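In what follows, a structure is listed as structure tokens, so that the remarks can point back to it.
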Amino acid sequence: MTTFGLPAECGRFIQYESSEDLRQLHQTGALKGALHIGGGSNLLFTTGRYDGTVLHCANRQYNLSTPDGNGKVRLEASAGCILDELCRICAERNLWGLENLSGIPGEIGGAAVQNVGAYGAEFKDVVEHVTVFDTETGETFTLSNEECRYGYRDSIFKHMESPGKLIVTAATILLDTSPHPRLDYAPLKKLFGDTPLLRPTPMMMRDAVILLRNGKLPDPRKTGSAGSFFKNPVLSKQRHELMESVLNKEIPGHVTSTGDIKLSAAWLIDQAGCKSFSCGGASVWQTQPLVIVNATGDAAGKDVVTLECMIIDAVRQAFGVELSPEVIHV
């Protein structure tokens, strides 16, 4: 149930369908200290045994509203819905909003917690509100986009005093019937932005995004991984300029809305000479060094952790930059 394909067991595994199921589990005390997982696409079980309870939402129901007066459509999706399936369904219906997230493995619940993103778009760009279950009070309520405090691969759900306090049970996503292509990512802009006669549809955007992903990232059905393993580090403009001055070389980066510089973790890993790194059954993916893979199919969690530390050390020594894992360690 994880895309890394690493051997792991848990003390107890529970699947549920609804908030009422969660209320019953809450009354029995079964939710205390439980770990909630989605598609397992952003998890690393560092050992072969997790003694606690693991929860998973089996509900994949969704509903699309009719367009309102402004051409907006609301997609209400249960936490167990597969994100990429919803991307396909919306693209087929010519609805804009999710197409740049196509191909990202995992479920809606995990997307809401992680604020997944790729190719110039993030989940926070389209989510209107999230429905959650409070494991301490047994209550169900909604959080607005603002209340979720979304940031780069971050949200309020990652900063609870009690880990796992809030379980995402559903998300409401705001889509648009009017053309709204996101072309911030250079290859997409090159493909569609400079040719005004070629007006992309959501499906054309989805196909292009999937083609880009397939050219860089491993298919988790064939080669186990958790996708992008590290976050792209963000530096102040001053620190970025100082680093370029000290190293006497250009360090490519993207200027954020705050004026900071987001560096490419993949570029740093490549330049630090890590592309050939491996440990046990784990290795760096050759076409995208941001990814650690279960290369042999029989890697263990400790192999991935050791390789992760090797990469962090190499980048720190080469650039003085500390990489942080995007993948959640258990």
Side-chain angles (χ1 to χ4, degrees), residues 42 44 100-101 104 114-125 149-155 158-159 182-194 208-209 212-213 215-218 225-279 282-293 304-329:
N42 200 47
L44 170 63
N100 287 49
L101 303 183
I104 296 178
Q114 181 69 5
N115 185 27
V116 298
Y119 304 106
E122 293 179 295
F123 190 74
K124 70 178 181 63
D125 300 333
R149 300 179 191 172
Y150 283 122
Y152 174 55
R153 304 298 179 268
D154 199 18
S155 70
K158 292 189 171 186
H159 301 280
R182 293 291 301 270
L183 301 173
D184 297 336
Y185 188 69
L188 290 176
K189 185 175 182 180
K190 183 178 180 182
L191 184 60
F192 297 114
D194 297 329
V209 165
L212 289 169
R213 290 186 67 88
K216 287 186 175 182
L217 301 174
S225 83
S228 298
F229 195 93
F230 298 98
K231 298 177 184 178
N232 290 319
V234 179
L235 306 180
S236 68
K237 182 179 179 181
Q238 293 77 13
R239 186 182 172 192
H240 179 250
E241 291 174 348
L242 177 61
M243 185 168 69
E244 288 187 322
S245 175
V246 171
L247 297 176
N248 193 29
K249 66 187 301 183
E250 181 179 352
I251 309 296
H254 169 72
V255 181
T256 68
S257 59
T258 61
D260 292 328
I261 309 297
K262 182 186 290 186
L263 306 184
S264 166
W267 185 89
L268 294 172
I269 294 167
D270 186 10
Q271 294 295 306
C274 304
K275 286 185 71 172
S276 62
F277 282 13
S278 65
C279 179
S283 65
V284 175
W285 187 246
Q286 288 301 302
T287 57
Q288 175 50 282
L290 193 58
V291 176
I292 293 176
V293 297
V304 178
V305 172
T306 301
L307 179 55
E308 170 193 351
C309 293
M310 291 167 58
I311 294 169
I312 290 174
D313 287 344
V315 170
R316 184 193 302 117
Q317 292 178 20
F319 298 100
V321 174
E322 193 76 15
L323 291 182
S324 298
E326 179 179 323
V327 175
I328 298 169
H329 293 49

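Nothing here was measured: the structure is a model prediction, and the numbers come from that model.
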Exercise. Will you find, in the side chains of Trp285 and Ser283, an N or O donor that is under 3.5 Å from an N or O acceptor?
Worked result: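 Looking only at side-chain atoms, Ser283 and Trp285 do not form any donor-acceptor pair under 3.5 Å.
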Check [X] against [Y] and note the closest heavy-atom contact, atom names and distance.
X      : Y      : answer
Pro252 : Leu263 : O-CD2, 3.7 Å
Val293 : Pro218 : CG1-CG, 3.8 Å
Arg153 : Gly117 : NH2-O, 2.9 Å
Gly151 : Asn115 : O-ND2, 2.5 Å
Gly120 : Asp184 : O-OD2, 3.8 Å
Ile104 : Ala118 : CD1-CB, 4.0 Å

Exercise. Below 4.0 angstrom, N of the basic side chain to O of the carboxylate: do Asp125 and Arg182 qualify?
Worked result: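 Salt bridge between Asp125 and Arg182, a charged N being under 4.0 Å from a carboxylate O: yes.
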Name the atoms and distances for all side-chain donor-acceptor pairs under 3.5 Å in residues 233-244, with sequence neighbours left out.
from   : atom 1 : to     : atom 2 : distance (Å)
Ser236 : OG     : Arg239 : N      : 3.1
Arg239 : NH2    : Gly320 : O      : 2.8
His240 : NE2    : Ile251 : O      : 2.7
Glu244 : OE2    : Ile251 : N      : 2.9

Determine yes or no for a side-chain-to-main-chain donor-acceptor pair under 3.5 angstrom, with [X] supplying the side chain and [Y] the backbone.
X      : Y      : result
Tyr152 : Asn232 : yes
Ser228 : Phe230 : no
Glu122 : Lys124 : no

Exercise. Got a sec, which residues hit side-chain contact (heavy atoms from CB on, under 4.5 Å) with Ser276, two or more places apart in sequence or on another chain?
Worked result: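 Expected list: none.
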Problem set entry | For Asp270, side-chain contact (heavy atoms from CB on, under 4.5 Å) partners two or more places apart |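 Scan of Asp270 (side-chain contact (heavy atoms from CB on, under 4.5 Å), adjacent residues dropped) gives Lys275, Pro289.
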So do the side chains of [X] and [Y] get within less than 4.5 Å of each other, counting heavy atoms only?
X      : Y      : answer
Val321 : Leu268 : yes
Val291 : Val284 : no
Leu323 : Ile269 : yes
Glu326 : Asn42  : yes

Problem set entry | Criterion side-chain contact (heavy atoms from CB on, under 4.5 Å) on Ile311 and Ile292, from CA distance to verdict | CA-CA 10 Å; Ile311 294 169; Ile292 293 176; 4.0 Å; yes
Please report the interatomic distance [atom1]([X]) to [atom2]([Y]), rounded to the nearest 0.5 Å.
X      : Y      : atom1 : atom2 : answer
Arg149 : Ser155 : CZ    : OG    : 10.5 Å
Cys274 : Met310 : SG    : CE    : 8.0 Å
Gln271 : Ser264 : CD    : OG    : 9.5 Å
Tyr119 : Asn100 : OH    : CG    : 10.0 Å
Leu44  : Ile328 : CG    : CD1   : 10.5 Å

For this session: Please collect all ring-ring contact (aromatic ring centres under 6.0 Å, His included) contacts where either partner lies in residues 247-275, sequence neighbours excluded, each pair once.
Result: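 Every pair satisfying ring-ring contact (aromatic ring centres under 6.0 Å, His included) with a residue in residues 247-275: Trp267-Phe319.
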Exercise. Lys231: what forms a salt bridge (Lys or Arg N to Asp or Glu O under 4.0 Å) with it, not counting sequence neighbours?
Worked result: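 Checked Lys231 against salt bridge (Lys or Arg N to Asp or Glu O under 4.0 Å); zero matches.
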For this session: Step by step, work out the side-chain contact (heavy atoms from CB on, under 4.5 Å) result for His159 and Asp154.
Result: CA-CA 9 Å; His159 301 280; Asp154 199 18; 2.8 Å; yes
Exercise. Tell me the salt bridge (charged side-chain N to carboxylate O under 4.0 Å, His left out) pairs involving residues 307-317, sequence neighbours left out?
Worked result: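 Every salt bridge (charged side-chain N to carboxylate O under 4.0 Å, His left out) pair that includes a residue of residues 307-317, provided the two are not neighbours, is Asp313-Arg316, Arg316-Glu322.
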